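Beneath this line is the structure, given in structure tokens, with notes to follow.
Because the structure is a prediction, the values reported are computed rather than measured. Numbering of residues begins at 1 and proceeds along the displayed sequence.
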Amino acid sequence: MGVYTWGEYKVEIDEEATRGWYEKAGEWDCTCGHCRNFVLLARERQLPGEILDLLDKLGIPPEKASYVCELYDKDEKLYYQVNYRVAGWVLKELKKMPSPSDKYALHCGREIAPGTADDFPEPFFDLMLFFWLPWVLPETIEGSVHKLLISSELEEDTFEMEQLLWRVIPAALTAEGVELPCEINVLLTDDEGIHAINLSERGVDAPTDVLSFPMFEFVPGDKPTEEDIEPGSGLVPLGDMVLNLDRVRSQGEEYGHGPRRECAYLAVHSVLHLLGYDHMDDGPMKAQMRQREEAILGQLGIGR
């Protein structure tokens with residue numbers, strides 16, 4: 001066992017258990033563009049030197065990440081979140097949202113992502129690394145990713161929920177066959193905040209769990225076309241999502257599946273609304289929407 005201090009984090013790691021798992025693990029095998037770009041650079045050890053030094057100390061091959069997600073792109077570069085699962089405990093933790101202006105950033109926490117680490121021995125935590133990498137694949141980066149603009153009205157730390165939304169919302173768009181790059185604005189709020197929005201925008205004097213404001217009048221099965229792209233941004237502005245974290249917690253507890261599953265469900269639900277799905281009756285349309293919600297969550301490995 002070894003104790004490590006990384007910035008303001010202090011962790012205790014079972015190096016033997018960690019190395020043993022990675023010796024048997026395969027490399028990250030998602031075939032989407034940004035993941036293939038990461039794996040290619042990781043194999044060639046083209047990650048930031050500080051990150052390679054850290055992984056080498058832990059005996060973790062860079063290409064054997066337990067989770068990879070692209071967060072932003074700019075000027076032919078991608079800003080990644082890359083998780084490496086580690087056997088051990090976080091002794092001292094600081095939750096701070098990394099900034100894309102940083103050369104690289106580090107976060108430690110119990111971030112249960114699907115990926116390739118379902119069989120990791122307890123106890124464990126996820127070492128989450130954030131850094132920029134160049135785009136080196138032959139295909140263009142243009143139009144390869146969706147854009148999320150996530151803001152919060154809350155004083156609480158929303159780091160983990162934001163990272164979950166970065167995974168769930170693009171996956172929902174992909175599952176619905178949306179290939180053109182889209183932009184969605186997401187606001188995180190509470191009962192009071194969503195109550196005010198519900199009243200001003202819909203005339204409903206009550207809080208709710210999630211609100212969706214689509215830009216287009218799609219019907220289920222429709223997909224954005226080139227005509228829907230905004231010339232200035234090169235993106236399809238799908239609309240706005242308002243997510244009530246008070247309800248995320250209370251409904252997650254009420255239904256017995258926890259806040260992360262509830263947050264993922266509400267995000268998928270809202271994406272489907274932006275794509276024209278509805279559930280105003282108890283007939284076929286509602287059943288169709290429920291079926292798609294469960295199918296998408298299943299693909300993400302987020303069960304009840």
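- A donor-acceptor pair under 3.5 Å is absent between the side-chain atoms of S270 and the main chain of L266, judged by distance alone.
- Separating the CG atom in L274 from the NE2 atom in H269 is a distance of 10.0 Å, to the nearest 0.5 Å.
- Placement of Y80 and L40 within a single hydrophobic cluster is found when ILVMFWY residues are connected by side-chain heavy-atom separations under 4.5 Å, directly or transitively.
- The side-chain heavy atoms of L133 and Q46, taken from C-beta on, include no pair separated by under 4.5 Å.
- A salt bridge links R261 with E294: the distance from a Lys NZ or Arg NE/NH1/NH2 to an Asp or Glu carboxylate oxygen falls below 4.0 Å.
- Rounding to the nearest 0.5 angstrom, the gap separating the NE2 atom in H146 from the CG atom in L180 is 8.5 Å.
- Taking the six-membered ring where tryptophan is involved, the planes of Y255 and H257 are tilted, since the angle between them lies from 30° to 60°.
- Listed for the D228 side chain is a donor-acceptor partner under 3.5 Å among the backbone atoms of T225.
- Heavy atoms of other residues, nucleotides or ligands lying less than 6.0 angstrom from CD of E153 number more than 12.
- Counting heavy-atom neighbours within 6.0 Å of E16 CD, excluding the residue itself, gives a total of 12 or less.
- Contact record, V68 with A65: CG2-CB, 3.7 Å, taken as the closest heavy-atom pair.
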Exercise for review: Walk me through it: do V178 and V236 pass the test side chain to side chain contact (heavy atoms under 4.5 Å, CB included)?
Suggested key: CA-CA 10 Å; V178 177; V236 177; over 6 Å; no

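- H273 NE2 to M289 CE: the interatomic distance, rounded to the nearest 0.5 Å, is 3.5 Å.
- Residues P62 and L55 approach most closely at CA-CD1, 3.9 Å, considering heavy atoms.
- A donor-acceptor contact shorter than 3.5 Å is absent between the side chain of N198 and the backbone of P207.
- The aromatic rings of F131 and F38 sit tilted, their planes meeting at an angle between 30° and 60°.
- Contact detail for L165 and V186: the closest heavy-atom pair is CD1-CG1, 4.1 Å.
- Between the side chain of E15 and the backbone N or O of G2 there is at least one donor-acceptor pair closer than 3.5 Å.
- No side-chain heavy atom of P259 sits under 4.5 Å from any side-chain heavy atom of E262.
- W21 places a side-chain heavy atom less than 4.5 Å from the side chain of D119.
- A perpendicular orientation is assigned to the rings of F124 and F120, their planes being inclined by more than 60° (bins at 30° and 60°).
- When the shell of 6.0 Å around CD of E227 is examined, it contains 12 or fewer heavy atoms from other residues, nucleotides or ligands.
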Exercise for review: Show your working on side chain to side chain contact (heavy atoms under 4.5 Å, CB included) between V271 and I296 and close with a plain yes or no.
Suggested key: CA-CA 11 Å; V271 168; I296 294 168; over 6 Å; no

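- Of all heavy-atom pairs spanning A87 and A17, the tightest one is CB-CB, 3.8 Å.
- Counting heavy atoms from C-beta on, the side chains of W132 and P48 never come closer than 4.5 Å.
- Counting non-hydrogen atoms of other residues, nucleotides and ligands closer than 6.0 Å to CD of E254 gives a total above 12.
- Using a distance-only test at 3.5 Å, with no hydrogens or angles considered, no donor-acceptor pair links the side chain of Y265 to the main chain of L297.
- The local environment of CD in E253 is sparse, with at most 12 non-hydrogen atoms from other residues, nucleotides or ligands closer than 6.0 Å.
- Side-chain contact between I13 and F125 is present, with heavy atoms from C-beta onward closer than 4.5 Å.
- Heavy-atom minimum distance, K223 versus G221: NZ-O, 3.4 Å.
- No side-chain heavy atom of L58 sits under 4.5 Å from any side-chain heavy atom of Y22.
- With hydrogens and angles disregarded, a donor-acceptor distance shorter than 3.5 Å links the side chain of N37 to the backbone of V136.
- Side chains of E156 and L245 form a contact here, defined as non-hydrogen atoms less than 4.5 Å apart.
- The same ILVMFWY cluster, assembled from side-chain heavy atoms under 4.5 Å apart, contains both L275 and V268.
- The closest side-chain heavy-atom distance from V82 to I51 is not below 4.5 Å.
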**Study point:** Step-by-step side chain to side chain contact (heavy atoms under 4.5 Å, CB included) determination, H195 to D205
**Key:** CA-CA 7 Å; H195 188 163; D205 191 10; 2.6 Å; yes

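- Hydrophobic clustering (side-chain heavy atoms under 4.5 Å, transitive across Ile, Leu, Val, Met, Phe, Trp, Tyr) groups I150 together with L238.
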Exercise for review: With side chain to side chain contact (heavy atoms under 4.5 Å, CB included) as the test, would you mind laying out the steps for E12 and V3 before giving the verdict?
Suggested key: CA-CA 4 Å; E12 184 173 4; V3 175; 4.2 Å; yes

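- Considering all non-hydrogen atoms of both residues, L148 and P170 come closest at CD1-CD, 4.2 Å.
- Looking only at distances, a side-chain donor or acceptor of N244 sits under 3.5 Å from a matching main-chain atom of T208.
- In this structure, the side chain of S66 engages the main chain of N83 through a donor-acceptor pair within 3.5 Å.
- The number of heavy atoms from other shown groups lying within 6.0 Å of CD (Q291) is above 12.
- Cluster membership check: L47 shares its hydrophobic cluster with V86, using side-chain heavy-atom separations under 4.5 Å among Ile, Leu, Val, Met, Phe, Trp and Tyr.
- Under the 30°/60° scheme for interplanar angles, the aromatic rings of H107 and Y9 are found to stand perpendicular.
- To the nearest 0.5 angstrom, R167 atom CZ is 9.5 Å from Q81 atom CD.
- Of the possible polar contacts, one joining the D246 side chain to the D191 backbone as a donor-acceptor pair under 3.5 Å is found.
- Put simply, CG on L211 and CG on L187 are 10.0 Å apart, with the number rounded to the nearest 0.5 Å.
- We find the OH-CH2 distance between Y67 and W28 to be 7.0 Å, quoted to the nearest 0.5 Å.
- Remark: side-chain polar atoms of K64 are paired, donor with acceptor, to backbone N or O of A25 under 3.5 angstrom.
- Connection of I302 to M241 is established within a shared hydrophobic cluster, with ILVMFWY side chains joined at heavy-atom distances below 4.5 Å, either directly or through further cluster members.
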